[in-house]
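In what follows, a structure is listed as structure tokens, so that the remarks can point back to it.
Atom set for the values below is all heavy atoms of this structure, side chains included, hydrogens, waters and symmetry mates excluded. Residue numbers start at 1 and run along the sequence shown.
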Amino acid sequence: MKIYLIASVLVLLLEPVKGLWPAPQELERGKDVIRLAEEFDITLKGSALLENAAYLGDLMDGVKRTHEYLINDNLQRLVVGRGESDRSLVNAAPELVGLNLVLADSEWSPIVLSVTEEAHKLYEDQDESYTLNIPSNSTSANGGALLATLSANTTLGLIRGLQTFSQLVYTLPSGGYRYIINTPISIRDAPAFSHRAFMLDTSRAWFPVDDILRTLDAMSWAKLNVLHWHATDSQSWPLFIPAFPELSQHGAYSSSQTYSRSDITFIREYAGSLGITILLEIDIPGHTASIGESHPEYIACRGKDDKWERFAVEPPTGQLKLGDPATQAFAEELVKSASDMMSSPYFSTGGDEINDACYEQDLTTTSALLNGNATLDELLSTFVEGVHHRLRAAGKTSVVWEEMALNRNIKLANDTIVTVWISSANVRAVADKGHRIIHAASDYFYLDCGAGGWVGKRGGSNSWCDPFKSWQKIYSFDPFASLDELQHSQVLGGEALLWTEQAGPENLDSIAWPRAAAAAEVFWSRSSGGARNATEALPRLHDWRYRAVNRGVGAVRLQPEWCALRPHACDVEEKEEH
């Protein structure tokens with residue numbers, strides 16, 4: 001019983017400021033109310049920003065977006081009456097006339113960089129921290145005009161802080177004042193992990209550019225900072241590659257289901273302005289059957305779709321040949337050309353689900369095995385080393401799926417980042433090999449699980465990664481589980497993943513949100529110690545979801561609205577175990 005009482009006290013203390021998602025690292029607040037003046041403005045202050053304002057177009061875009069959110073969100077508080085009971089307090093409240101943005105002095109970086117430039121730095125060089133102070137009448141000096149202050153070391157920190165500020169503002173019903181409760185508010189915030197991603201598979205299902213842009217918007221509201229773009233796979237090749245335009249010309253589902261050079265540039269620049277970098281993935285040597293539409297000479301076991309269960313995890317069959325100099329040269333030039341399109345210092349070459357049986361019947365690969373007296377893993381190691389060497393020469397750090405580290409006897413450079421996807425139980429084994437880790441475990445973060453089997457004849461059976469991953473399951477993840485304290489620094493962060501065998505533009509929003517936002521808080525707000533409290537989190541996640549819907553994202557409901565307006569009224573008390 002004592003444990004339940006403590007939990008209840010925590011809920012009561014944290015409940016009032018329930019609009020903040022992800023939760024900030026430090027929060028202090030009062031009991032006052034303040035309303036935004038009609039002429040409320042967001043202003044750059046200090047020489048560092050003012051002297052570089054013309055160059056900081058993406059920061060100014062962030063200011064403009066924030067103004068639009070403040071005007072158009074029109075979110076009434078999630079309480080019975082939707083905040084009508086606040087009206088008398090708000091009408092009598094002092095006015096907040098503006099928010100000043102200040103770039104703090106920074107000895108290590110005297111040059112002011114744009115949001116995009118900051119977002120594309122190495123993880124260890126990024127600084128997303130910020131401080132936000134919102135006054136109340138009782139904290140105003142000499143009764144002067146009330147101004148809030150947002151301070152950060154970088155423009156990227158300012159973008160994160162602007163998002164937080166926009167989450168604090170509510171609107172009275174029937175178009176009344178915009179206001180903030182629980183002032184004065186003081187927030188000091190920074191992410192616990194540097195990689196906080198959403199992965200989208202655009203090969204099995206193609207998504208219009210507008211869908212990707214809307215997803216980037218929603219990511220920014222949850223302070224996710226990486227779009228892991230699984231751009232190509234065996235089913236289709238929609239991505240234009242400058243060195244090999246024929247890949248998308250022949251490998252896409254249709255000429256209208258491709259991403260052109262201008263599309264890719266626009267997506268990259270839009271993401272950067274939101275403080276999001278793109279981790280592009282070209283998954284090789286497996287998952288490459290679509291390359292065979294333009295270059296069949298590079299593909300092993302192509303066209304064996306009547307026997308696909310033997311030669312691939314899912315149809316169609318085909319993967320890049322090993323031990324073939326021409327295929328090796330093609331692969332190296334492919335990843336170099338693809339990586340040049342993105343500004344991120346990281347690039348994923350995948351490497352999952354390689355099918356040995358496919359290679360064992362391929363004449364080119366078996367000849368290389370025989371002539372070189374080599375094993376399949378030795379040929380694979382040569383392939384991977386060559387591709388990664390080419391990426392390293394281009395200034396990129398390679399990212400791979402976990403099989404490359406755990407299931408294959410190949411040489412991986414120590415700086416190779418490993419994404420753990422098969423099971424969270426495999427994290428420790430990767431850590432023991434010394435690699436940095438991205439959490440993407442299917443038992444927590446696969447958003448497509450639980451929809452049933454999709455292959456014919458066995459359709460309607462369970463999906464391989466059942467059950468459905470609820471937001472509570474995602475939220476319960478411990479990034480340091482099974483790791484020694486000295487290994488904690490190897491964890492870069494994690495991501496929510498959407499594979500699209502059964503997803504597309506029609507259900508993108510409802511599958512992704514708000515569950516991906518639950519992952520966002522896991523990797524922003526908690527660095528160590530203590531289980532997260534889903535009971536405390538639910539009212540805040542409700543608030544995030546309602547605001548996202550008002551901004552045009554079709555995030556699915558978490559509960560009936562009756563429950564959303566009555567925090568904890570729909571909770572079920574846990575039974576004590578005897």
| request: Using the test side-chain hydrogen bond (donor to acceptor under 3.5 Å, both in side chains), find all partners of H67 that sit at least two apart in sequence or belong to another chain. | output: D41
| query | Can F445 and Y475 be said to form a ring pair (Phe, Tyr, Trp, His ring centres under 6.0 Å), step by step? | reply | CA-CA 10 Å; F445 297 114; Y475 196 69; over 10 Å; no
| field | Euclidean distance, I187 CD1 relative to N133 CG, rounded to 0.5 Å | value | 9.0 Å
| note | Residues at least two apart in sequence or cross-chain that pass side-chain hydrogen bond (donor to acceptor under 3.5 Å, both in side chains) with W401, listed by chain then number, are E281
| CZ/R87: more than 12 non-hydrogen atoms of other groups inside 6.0 Å | yes
| request: Please indicate whether E38 has more than 12 foreign heavy atoms, meaning atoms of other residues, nucleotides or ligands, lying under 6.0 Å from its CD. | output: no
| said: Between D233 and R204, does any side-chain N to carboxylate O distance fall below 4.0 Å? | reply: yes
| request: Carefully, step by step, assess L99 and F40 under the rule side-chain contact (heavy atoms from CB on, under 4.5 Å). | output: CA-CA 8 Å; L99 172 65; F40 178 86; 3.8 Å; yes
| task | Starting from the C-alpha separation in whole Å, work towards a yes-or-no answer on salt bridge (Lys or Arg N to Asp or Glu O under 4.0 Å) for D415 and R392. | result | CA-CA 10 Å; D415 65 346; R392 186 173 291 104; 3.4 Å; yes
| message | If the condition is ring pair (Phe, Tyr, Trp, His ring centres under 6.0 Å), which residues does Y346 pass it with, not counting sequence neighbours? | response | Y123
| field | Close aromatic pair by centroid cut-off 6.0 Å: W237 and Y259 | value | no
| field | K223 and E128 ion-paired at < 4.0 Å | value | no
| field | Side-chain ion pair, D210 and R214, N-O less than 4.0 Å | value | no
| query | Can you name the ring pair (Phe, Tyr, Trp, His ring centres under 6.0 Å) partners of Y179, sequence neighbours left out? | reply | none
| said: So, taking the atom named CD1 in I267 and the one named CD in E269, what distance separates them when rounded to the nearest 0.5 Å? | reply: 11.0 Å
| query | To the nearest 0.5 Å, what is the distance between CZ (R261) and CG (D263)? | reply | 12.0 Å
| field | All salt bridge (Lys or Arg N to Asp or Glu O under 4.0 Å) counterparts of R35, not counting sequence neighbours | value | E95
| field | Partner set under side-chain hydrogen bond (donor to acceptor under 3.5 Å, both in side chains) for D73, not counting sequence neighbours | value | R547, R551
| So does E28 have more than 12 non-hydrogen atoms from other groups sitting under 6.0 Å from CD? | no
| query | Who pairs with R515 by salt bridge (Lys or Arg N to Asp or Glu O under 4.0 Å), at least two apart in sequence or on another chain? | reply | none
| task | For D61, enumerate each residue passing the salt bridge (Lys or Arg N to Asp or Glu O under 4.0 Å) test, keeping only those at least two apart in sequence or located in another chain. | result | none
| query | Sequence neighbours excluded, which residues qualify as ring pair (Phe, Tyr, Trp, His ring centres under 6.0 Å) partners of F207? | reply | none
| request: Keeping to residues at least two apart or across chains, list the salt bridge (Lys or Arg N to Asp or Glu O under 4.0 Å) pairs with something in residues 47-60. | output: none
| Audit row: W221, W21, ring pair (Phe, Tyr, Trp, His ring centres under 6.0 Å) steps and yes/no | CA-CA 8 Å; W221 305 335; W21 193 279; over 10 Å; no
| query | Looking at residues at least two apart in the chain, or sitting in another chain, which of them share a ring pair (Phe, Tyr, Trp, His ring centres under 6.0 Å) with Y177? | reply | none
| request: Please name all residues satisfying side-chain hydrogen bond (donor to acceptor under 3.5 Å, both in side chains) with N100, sequence neighbours left out, ordered by chain then number. | output: none
